[in-house]
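Heads up: the structure comes next, in structure tokens.
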Amino acid sequence: MKTEHKDNYIILRDEKEDVEDFASYLTRTQDQFKDQNVVIDIQKYGELTLDQLLKFLKLSFTHRKGKKSLVVVNDTINIDAVPEEIHVVPTLQEAEDLIGLEEIERDLGF
């Protein structure tokens with residue numbers, strides 16, 4: 001896994017070629033980044049199925065329960081088919097913007 005640290009979040013990228021294994025690995029190692037906002041960049045996989053994306057659902061739920069943002073970046077999935085418990089955006093810039101908005105909401109007590 002490659003990590004890239006930004007001001008208020010980290011970007012996680014897979015070094016291998018299996019999105020489901022990557023989701024499983026992140027779920028197992030979530031304690032390493034549980035106190036940070038996270039962007040999971042899975043654009044390299046191209047077109048994903050909803051089932052593949054849902055492998056990140058438990059990770060997203062647990063992370064958001066800890067009052068931190070978790071955003072998945074992939075531009076091929078139909079956003080309308082994705083449950084609201086997982087945030088998926090098409091670009092890294094939109095991921096950064098969403099994290100900023102969620103930080104403001106948490107500061108305001110929402």
Side-chain angles (χ1 to χ4, degrees):
M1 173 177 69
K2 292 182 182 179
T3 61
E4 183 179 340
H5 294 268
K6 298 292 185 173
D7 288 339
N8 65 337
Y9 66 95
I10 61 170
I11 300 173
L12 304 178
R13 293 183 177 100
D14 190 15
E15 294 179 302
K16 299 182 181 172
E17 297 300 323
D18 189 326
V19 70
E20 293 180 21
D21 282 348
F22 187 47
S24 177
Y25 173 77
L26 291 178
T27 301
R28 288 191 316 270
T29 61
Q30 187 173 14
D31 282 347
Q32 294 177 14
F33 52 85
K34 69 179 181 181
D35 296 326
Q36 298 174 292
N37 295 312
V38 174
V39 173
I40 300 173
D41 183 359
I42 55 172
Q43 294 180 86
K44 80 174 196 167
Y45 294 112
E47 195 163 335
L48 295 177
T49 66
L50 184 59
D51 285 341
Q52 289 173 314
L53 183 65
L54 290 177
K55 301 294 182 190
F56 294 93
L57 186 61
K58 180 180 177 187
L59 178 68
S60 176
F61 180 75
T62 304
H63 210 72
R64 290 175 61 195
K65 189 175 177 183
K67 304 273 189 228
K68 290 295 177 183
S69 299
L70 186 136
V71 183
V72 177
V73 179
N74 182 275
D75 60 357
T76 63
I77 196 81
N78 177 2
I79 301 296
D80 295 330
V82 177
E84 65 183 42
E85 292 83 12
I86 187 167
H87 293 297
V88 179
V89 296
T91 67
L92 288 171
Q93 181 60 54
E94 288 178 79
E96 182 177 336
D97 294 345
L98 181 58
I99 288 172
L101 288 172
E102 288 184 343
E103 285 284 308
I104 291 168
E105 287 177 353
R106 283 191 286 271
D107 288 346
L108 294 173
F110 291 105

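Residues that satisfy the side chain to side chain contact (heavy atoms under 4.5 Å, CB included) test with E84, not counting sequence neighbours, are absent from this structure. Shown here are the side chain to side chain contact (heavy atoms under 4.5 Å, CB included) partners of I104, two or more places apart in sequence or in another chain: L108. Applying the side chain to side chain donor-acceptor pair (under 3.5 Å) test to T29 and every residue at least two apart in sequence or in another chain returns nothing. Partners of T91 by side chain to side chain donor-acceptor pair (under 3.5 Å), not counting sequence neighbours, listed by chain and number: E94. With sequence neighbours left out, I79 forms a side chain to side chain contact (heavy atoms under 4.5 Å, CB included) with I77, V88. For E85, there are no side chain to side chain donor-acceptor pair (under 3.5 Å) partners two or more places apart in sequence or in a different chain. Remark: D80 engages N78 in a side chain to side chain contact (heavy atoms under 4.5 Å, CB included) (not counting sequence neighbours).
Put simply, CG on L12 and CG on L26 are 6.0 Å apart, with the number rounded to the nearest 0.5 Å. Here CD1 of I99 is found 11.5 Å from CG of D7. Values are rounded to the nearest 0.5 Å. Between atom CD1 of residue I11 and atom NZ of residue K2 there is a gap of 12.5 Å, rounded to the nearest 0.5 Å. Between the CG atom in L53 and the CD1 atom in I86 there is a gap of 4.5 Å [rounded to 0.5 Å].
Between F56 and I42, some side-chain heavy-atom pair lies under the 4.5 Å cut-off. Here the side chains of V39 and V89 are not in contact, with every heavy-atom distance at 4.5 Å or above. Counting heavy atoms from C-beta outward, T3 and F33 have side chains that stay 4.5 Å or more apart.
In terms of heavy atoms, P90 sits closest to D75 at O-CB, 3.6 Å. Of all heavy-atom pairs between H87 and L70, the closest is CB-O, 3.9 Å. In terms of heavy atoms, E96 sits closest to Y9 at OE1-OH, 3.1 Å.
L101 forms part of no hydrophobic cluster, judged by ILVMFWY side-chain heavy-atom separations under 4.5 Å.
Listed by first and then second residue, the salt bridge (charged side-chain N to carboxylate O under 4.0 Å, His left out) pairs that reach into residues 15-38 are E17-K44, sequence neighbours excluded. The side chain to side chain donor-acceptor pair (under 3.5 Å) contacts involving residues 53-70 comprise Q30-H63, S69-E102, S69-R106, where partners must be two or more places apart or lie in separate chains.
Hydrophobic clustering of Ile, Leu, Val, Met, Phe, Trp and Tyr side chains at less than 4.5 Å, counting indirect connections, keeps L57 apart from V71.
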| field | Evaluation steps, side chain to side chain contact (heavy atoms under 4.5 Å, CB included), between V38 and L59 | value | CA-CA 11 Å; V38 174; L59 178 68; over 6 Å; no
| Derivation and outcome, side chain to side chain donor-acceptor pair (under 3.5 Å), residues N37 and E103 | CA-CA 9 Å; N37 295 312; E103 285 284 308; 2.9 Å; yes
Report all side-chain donor-acceptor pairs from residues 45-52 shorter than 3.5 Å, counting only partners two or more places apart or in another chain.
unit_1, atom_1, unit_2, atom_2, d
Y45, OH, D14, OD2, 2.2
T49, OG1, Q52, N, 3.1
T49, OG1, Q52, OE1, 3.4
Q52, OE1, T49, N, 2.9

